[in-house]
Q: 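Could you have a look at this structure, given as structure tokens, before my questions?
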Amino acid sequence: FTLATTAVLFILLSAEFVALVLILVYIGAVIVLFLFGVMITRAPLGPNAELDNDQNKLLAAVISLSIFGIFTYILLQTFDSTVVISEGTSTKLLGEILLSRFVFPFELVSFVLLGALIGGITLARKDNALMDEDQI
């Protein structure tokens, strides 16, 4: 929901290409990657008494609703029903900037995501050969 809302904000800012990339890459790929990472881990199912905190649920709800209210107010004040039609972003210009000026951060993010994927698989994998050596 948060990523879809961010995509809507990019559309409001006349950056349709960035909104589509956010939907395709982040919602379509990264979130699915996180879901597979959660699914391949063998986490215990059911409630955990150590992690349950019934005392602060009301406080957390109040803080969450107040943050939601503040952000909603800021967005409504920023986009106060006035429609400004601009030319929008040029996909060619965005591609040239991304692959010339920001090529190092772009590649760095890809390696970080690859490392996270390998780390998640390594942590989730239960290797019987290593378990046999530890038991000896």
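Just the heavy atoms: all of them, side chains too, but no hydrogens, waters or symmetry mates, feed the values below.
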Q: Quick one: pull up OG1 in T6 and CD1 in I23 and give me the separation to the nearest 0.5 Å.
A: 10.0 Å

Q: With hydrophobic residues grouped by side-chain heavy-atom distances under 4.5 Å, do L3 and L20 end up in a single group?
A: no

Q: Same cluster or not: are L22 and V25 linked, directly or through other Ile, Leu, Val, Met, Phe, Trp or Tyr residues, by side-chain heavy atoms under 4.5 angstrom apart?
A: yes

Q: Pair up each side-chain donor or acceptor in residues 97-111 with any protein partner under 3.5 Å, not counting sequence neighbours, and list the distances.
A:
residue	atom	partner	partner atom	Å
S100	OG	E96	O	2.3
S110	OG	E107	O	2.5

Q: Keeping the roles fixed (side chain from S66, backbone from I63), state whether a donor-acceptor pair exists under 3.5 Å.
A: yes

Q: Of the non-hydrogen atoms in I11 and A19, which two are nearest, and what is the gap between them?
A: CG1-CB, 3.5 Å

Q: If you apply the rule side chain to side chain contact (heavy atoms under 4.5 Å, CB included), what do you find for L12 with L9, and how did you get there?
A: CA-CA 5 Å; L12 288 174; L9 289 176; 4.3 Å; yes

